[in-house]
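All remarks here apply to the structure that follows.
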Amino acid sequence: MSTPPLASGPEGPDALRPLLDTVLGALTDGAAARGGPLPAGGPGQVAQRLRAALGDPLPHHGSPDALHTLVRALAEGAADPADPLCTAHLHCPPLAVATAADLAASALNPSLDSWDQAPAASELEALVARALAHLVYGTPDAPGTQDTRDTQDTQEAQGTRADAVVTTGGTESNQLALLLAREKHHGVQLVCGAGAHHSLHRAAWLLGLPEPVVVPAPAGILDPAALDSALTDLRGPLLVAATAGTTDAGLIDPLPDIAGLCATHGARLHIDAAYGGGLLFSDRHRARLDGLAHADTVTLDLHKLGWQPVAAGLLAVRDPTDLAPLAHRADYLNADDDTEAGHPDLLGRSLRTTRRPDILKIAVTLKTLGLHGIGRLVDQVCAHAHELADLIAAHPAFELYDRPAISTVLFRPHGATDDTVAAVRRTLLDQGRAVLGRATLDGRRWLKATLLNPHTRPGDLATLLKLVEGHTPR
Ligand SMILES: *Cc1c(COP(=O)(O)O)cnc(C)c1O
């Protein structure tokens, strides 16, 4: 076998073109073989088919068929978020244009740990990350969330300095937020609501912080009175983590109240907007994030309400000097004399070393759709959630948990036990008919539909309910 071709270089595009045809054909074949939102047969049959396709994973002699075989097998066995009946998680269908940009990122393979591996990509990351930070914190010329209270001037002054670092998602962003707080205050106590994401607890554990103080969230959102009393009782540096878009129900904590309490008690504020941050793009829904600009750090996750292929996370930081603890020297990557000579020092923008240019697909999406175009997608999925909630509320067989806060709808068959709710979900999964999530709220188990597909039609939502109804034992 001759030396295999490379993806970049003058011959890269010509080498890629026929391979792309193979990939696209395999995606089509695999999806047709699946014939639904996920493969039928449950874990056993899926594993068996995948094993048959893979064969020996370490063959002595390779075969050019592997690309088609394995891509087809993965597509056949995929849970496809572009299928309107695939609605379990914050697992978005990526935009075609973002995915195409990601191909270029793989072909060029810049690595964001030193300028000499990513000359243009490093500048793109700096510009786009800062622009997104300004969207969070508001600048005079960007439609941010700056509110019109007395602090507006300082908000804007800080907004123009705000920055963001690129992460692999909400988990890494939350972890960095805790790390920056710990470093700034020489230790910190995390205080979060009962609905806060599990990654915050893990980050506290990983960083050697005390057990988080969990404040009750009786209606799914952090209770300001309970937060006030917790902050009154606690001593030492405190970090409050609020959530804008809980994973289970999409609920948004009362951000202005929480920001006010943090100011009163001198606590630092982190807002996990991994889900709800997407509302920033929407003229209709942006105001629901009022208060976001008061946070010291904000988690964003554009592989949720941003329609990016994984990974596309950011941590926005109001005061960029908070990022100082990430500074790090490695002579082969950011020698002092190179930095003094004007070569950007990139190591201090992440805890990772080799790092993909995830900013490219984000930048391409922002420029292709514009804020207005992304905002329309947000509006569409929020509207779909309301349509589904309407159908459920009007349906005698179902109980609706509540009106959707973002694009998550929780419901359950009337009179079903928690075990029945779990069994219906599993049956639909195993039969390959629908992908629904589950959440326990108010002490009961609910089916969860997280609507992230802007192409969903009303008929799809009715089909989803019909499937659940038809598979509920009575
Ligand atoms: C999804 C989610 C996270 C974790 O993000 P990953 O990208 O999965 O690491 C954190 N917080 C909230 C509220 C989330 O919904």
Side-chain angles (χ1 to χ4, degrees), residues 79 81 87-94 98 102 132 136 164-179 190-207 212 214-215 217 220-222 239-255 258 269-280 288-289 291-292 295 297-316 350-352 355-356 358-359 361-362 378 381-382 385 404-410 437-441 448-452:
T87 65
H89 298 283
L90 286 160
H91 173 208
C92 75
D102 219 18
L132 286 168
V136 170
V165 292
V166 176
T167 68
T168 53
T171 301
E172 187 189 349
S173 297
N174 285 342
Q175 191 178 304
L176 275 178
L178 263 66
L179 173 73
L190 174 65
V191 181
C192 60
H197 195 257
H198 63 84
S199 61
L200 286 161
H201 294 260
R202 265 193 161 187
W205 162 76
L206 179 70
L207 294 167
V214 176
V215 174
I221 55 173
L222 206 156
L239 172 66
V240 173
T243 308
T246 57
T247 313
D248 274 350
L251 300 174
I252 301 172
D253 284 340
L255 305 179
I258 294 170
L269 176 60
H270 170 64
I271 298 180
D272 179 354
Y275 181 9
L279 301 181
L280 282 170
R288 308 198 19 232
L289 296 178
L292 195 68
T297 47
V298 175
T299 287
L300 300 176
D301 214 346
L302 296 179
H303 58 237
K304 291 178 174 173
L305 276 186
W307 293 278
Q308 297 301 299
V310 174
L314 292 118
L315 179 73
S350 180
L351 289 175
R352 288 178 279 158
R355 198 154 64 75
R356 279 175 62 80
D358 287 319
I359 204 69
K361 63 199 173 196
I362 296 172
V378 171
V381 298
C382 292
I406 303 181
S407 68
T408 301
V409 182
L410 299 169
R438 55 186 273 173
T440 299
L441 281 142
K448 174 171 88 164
T450 313
L451 301 180
L452 293 180

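Both ligands and their constituent atoms are indexed starting at 1 by order of listing.
Scanning all heavy atoms of the two residues, the minimum distance from Ile271 to Ala244 falls at CG2-CB, 4.0 Å. Across all their heavy atoms, Ala242 and Leu255 have their closest contact at CB-CD2, 4.1 Å. Heavy-atom minimum distance, Lys304 versus Ala274: CD-O, 3.7 Å. The two residues Ala177 and Leu315 come nearest to each other via the heavy atoms N-CD2, 3.8 Å.
Looking at Thr167, its side chain does come within 3.5 Å of a backbone N or O of Gly169 through a donor-acceptor pair. In this structure a side-chain-to-backbone donor-acceptor pair under 3.5 Å is missing from Asp272 to Thr243. In this structure a side-chain-to-backbone donor-acceptor pair under 3.5 Å is missing from Asn174 to Ser199. Looking only at distances, a side-chain donor or acceptor of Thr246 sits under 3.5 Å from a matching main-chain atom of Leu251.
Atom 6 (P) of ligand 1 has its closest protein heavy atom at Gly170 N, 3.3 Å. For atom 4 (C) of ligand 1, the nearest protein heavy atom (residue, atom name, distance) is His197 CE1, 3.4 Å. Among protein heavy atoms, the minimum distance from atom 9 (O) of ligand 1 is reached at Thr171 OG1, 2.6 Å.
Ligand 1 has no N or O atom lying under 3.5 Å from any N or O atom of Thr246, backbone or side chain. Note: an N/O pair closer than 3.5 Å links His303 and ligand 1 by distance alone. The shortest N or O to N or O distance between Gly169 and ligand 1 is not below 3.5 Å. The distance criterion of under 3.5 Å between nitrogen or oxygen atoms is not met by Tyr275 with respect to ligand 1. Ligand 1 has a nitrogen or oxygen under 3.5 angstrom from a nitrogen or oxygen of Thr247.
At a 4.0 Å cut-off, at least one heavy atom of Gly245 sits close enough to ligand 1 to count as contact.
No side-chain donor from either of Thr450 and Tyr275 sits under 3.5 Å from a side-chain acceptor of the other.
By the criterion of a heavy-atom distance under 4.0 Å, the side chain of Lys304, and not its backbone, is placed next to ligand 1. Using a 4.0 Å cut-off between heavy atoms, Asp301 contacts ligand 1 through its side chain alone, with no backbone atom that close. At a heavy-atom cutoff of 4.0 Å, ligand 1 is contacted by the side chain of Asn174 but not by its backbone.
Relative to atom 12 (C) of ligand 1, the option among Leu90, Leu305, Val310, Asp272 with the closest non-hydrogen atom is Asp272.
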